[in-house]
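Here is the structure we will look at.
Since the structure is predicted, the reported quantities are computational estimates derived from the model, not experimental observations.
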Amino acid sequence: MQTKFNWILLACAAAGLVVTGYKEINSKPQPHAVDSTSCTPDAIKSIDSITERAIQSSKCAQLGK
């Protein structure tokens with residue numbers, strides 16, 4: 001019974017990764033402003049796209065240097 005549950009859990013995780021990957025591949029990152037208000041942790045966390053969030057985080061880190 002535990003093995004069946006593990007396979008179902010694995011299938012759900014794989015499906016989630018496929019959906020997220022497909023969404024990220026087909027999206028075009030939108031530019032965001034880089035200033036003190038848009039570089040707060042809450043502002044970065046509010047960005048839905050993983051790619052956009054990574055770009056914004058990188059630009060904010062460069063701004064702090």
Side-chain angles (χ1 to χ4, degrees):
M1 189 68 183
Q2 185 67 23
T3 304
K4 187 175 182 179
F5 176 74
N6 288 345
W7 280 108
I8 292 171
L9 191 61
L10 181 66
C12 290
L17 286 173
V18 168
V19 169
T20 302
Y22 183 77
K23 183 178 113 177
E24 289 296 320
I25 287 173
N26 289 324
S27 69
K28 302 233 186 295
Q30 301 296 320
H32 294 275
V34 180
D35 55 17
S36 61
T37 58
S38 64
C39 287
T40 62
D42 290 332
I44 293 173
K45 287 179 186 177
S46 69
I47 299 173
D48 286 337
S49 171
I50 297 168
T51 305
E52 290 178 25
R53 194 178 316 132
I55 292 169
Q56 182 72 4
S57 178
S58 173
K59 287 182 178 179
C60 289
Q62 290 175 354
L63 181 69
K65 285 185 176 181

Side chain to side chain contact (heavy atoms under 4.5 Å, CB included) against Lys59, all qualifying residues, sequence neighbours excluded = Val34, Ile55
Indicate whether the side chain of Thr3 and that of Asn6 have a donor and an acceptor atom separated by less than 3.5 Å.
-> no
Closest non-hydrogen atom pair between [X] and [Y], with its separation:
{"X": "Glu52", "Y": "Lys28", "result": "OE2-O, 4.0 Å"}
{"X": "Gln56", "Y": "Cys39", "result": "NE2-SG, 4.5 Å"}
{"X": "Ala43", "Y": "Ser38", "result": "CB-O, 3.6 Å"}

Under the 3.5 angstrom rule, does the side chain of Thr20 hit a backbone N or O of Gly16 as a donor-acceptor pair?
-> yes
Please identify each residue that fulfils side-chain hydrogen bond (donor to acceptor under 3.5 Å, both in side chains) with Ser36, with sequence neighbours left out.
-> none
Side chain to side chain donor-acceptor pair (under 3.5 Å) pairs touching residues 41-50, sequence neighbours excluded, are Glu24-Ser49
Fellow cluster residues of Leu10, listed by chain then number, with links counted only when side-chain atoms sit under 4.5 Å apart = Trp7
